[in-house]
Amino acid sequence: MIRAVPHVAAMAPYALADLGGEGTVSLAQNESAFPASPAALVAGRAVLDQMPLYPDPEWPDLRAAVAEVHGLDPDRVLCGAGSMELIGCLIRAFAGPGDQVLGTEFGYAFVASAAAQVQARYVKARERELTVSVDDILAAVTPESRIVFVCNPGNPTGTLIPNSEILRLRAGLPADVLLAVDQAYAEFAYAEFADAGNDPGDTFALVERGDTVVLRTLSKAYGLAGARAGWGYFPPGIAGEVRKLLNPNNISIPSQAMAAAAMRDQAHMRDVVAKTAVIRDRFAADCRALGVEVPQSHTNFVLIRFASAQQAVAADVALRAEKLLMRGMGGYGLGDCLRATICSQAVMDRAMDVLKGVLA
Ligand SMILES: *Cc1c(COP(=O)(O)O)cnc(C)c1O
């Protein structure tokens, strides 16, 4: 009998979204409703003849694009096969058996899984009104705390805390606790302000302290989830350790080319963000008019809170009957909620018709 090491054997597999059967429209994975920049597709196709070669392990063009757009030092940018790879490597580098990885009540589920891989204890600080609470995070810090993960805007809540709260969190954390700010949805929250890299949501300056990292992804606002490209801004000392754990040649040649071109097409990204926000805000308002709670979202999804878990299940069943799949939230202790990725207006209209039938 071949056995896995005990802590792996004891782990549950990471719960990916149920994608339904053929013909099902997924509103379950927060993928972009719109295609990636046409420039990204051109760039990807243009490198297909390089496929016998390994990709550049230093991602030079993608790093340069990130640095240009955000006004950052390219040497401090690390790229991952999705930001999930960077999250996993951060935890493997800075937490081990018995250490505490601190997240928040409705924080990103993948962090818990990555902590289990290294036998670290994943602890969740309470959120208030579906929103990250800095005071509750600070109260949950113990001498075993190694890393604090904050997702801002939050997934699955969609809520945002101001940058000043992130600064207050950092100021209140012990110097030996690493802070990771996961900004997978930042473009939806900050795009309207992001001229010339002067982003009022900018937490990148915190990285200069040496104890904070900021993570971003091409998977959401840039419409490149299939490319698997994420990046983070790292202090040199942290980056050096994480680099040892990244797979070499981790991002394919077409993915690097597409990601760099998508970064350089900020106009396309902002257009996607603006169009998504219009559809989102209308859908959220229509949901509220039906009497369900929807927190103000700063992302490309909404969290729909029904009157009861029973009602959420009824809505899910009715949606599935129409080949529409939202994400159940029982794993987050939010059995009365469904999370709906914002898709095209036509898809959201179909979903709204189903919800009207269920809630009438
Ligand atoms: C989608 C998402 C990511 C990014 O995942 P990738 O690996 O870059 O595709 C990271 N954090 C959160 C909270 C997300 O929702």
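Whatever order the structure lists them in is the order used to number ligands and atoms, beginning at 1.
Not one N or O of Glu85 is nearer than 3.5 Å to an N or O of ligand 1, by distance alone. Polar contact check, Met84 against ligand 1: a nitrogen or oxygen pair lies under 3.5 Å apart.
Using a 4.0 Å heavy-atom cutoff, Gly82 is listed among the residues neighbouring ligand 1. Residue contacts with ligand 1: Ala225 is excluded, as none of its non-hydrogen atoms falls under 4.0 Å.
When non-hydrogen atoms are compared, ligand 1 lies under 4.0 Å from the backbone of Ser83 as well as from its side chain. Contacts with ligand 1 closer than 4.0 Å are made by side-chain heavy atoms of Tyr185 only, the backbone lying farther away.
Partners of Asp75 by side-chain hydrogen bond (donor to acceptor under 3.5 Å, both in side chains), not counting sequence neighbours: none found.
Listed by atom number, the atoms of ligand 1 under 4.0 Å from Cys151 heavy atoms are 13 (C). Atoms of ligand 1 found under 4.0 Å from any heavy atom of Ala184 (numbered from 1 in listed order, with element): 2 (C), 3 (C), 10 (C), 11 (N), 12 (C), 14 (C).
Nearest protein heavy-atom neighbour of atom 12 (C) of ligand 1: Asp182 OD2, 3.4 Å. Closest to atom 7 (O) of ligand 1 among all protein heavy atoms lies Arg228 NH2, 2.8 Å. Closest to atom 9 (O) of ligand 1 among all protein heavy atoms lies Ser219 OG, 2.6 Å. Looking only at protein heavy atoms, the nearest one to atom 1 (C) of ligand 1 is Lys220 NZ, 1.2 Å.
Remark: of the listed residues Asn300, Asn152, Thr217, Asn30, Asn30 is the sole one forming a side chain to side chain donor-acceptor pair (under 3.5 Å) with Tyr185. Checking each of Leu334, Val294, Val292 against Arg305 for a side-chain contact (heavy atoms from CB on, under 4.5 Å) leaves exactly one that passes, namely Leu334.
Between Phe283 and Asp281, the closest side-chain pair of non-hydrogen atoms is not below 4.5 Å. With contacts defined as side-chain heavy-atom distances shorter than 4.5 Å, the pair Arg280/Arg282 does not qualify.
Taking the six-membered ring for Trp and the full ring otherwise, Trp231 and Phe204 have centroids separated by under 6.0 Å. Aromatic rings from Tyr108 and Phe149 are positioned such that their centres are separated by 6.0 Å or more.
A donor-acceptor contact closer than 3.5 angstrom links the side chains of Tyr222 and Gln266.
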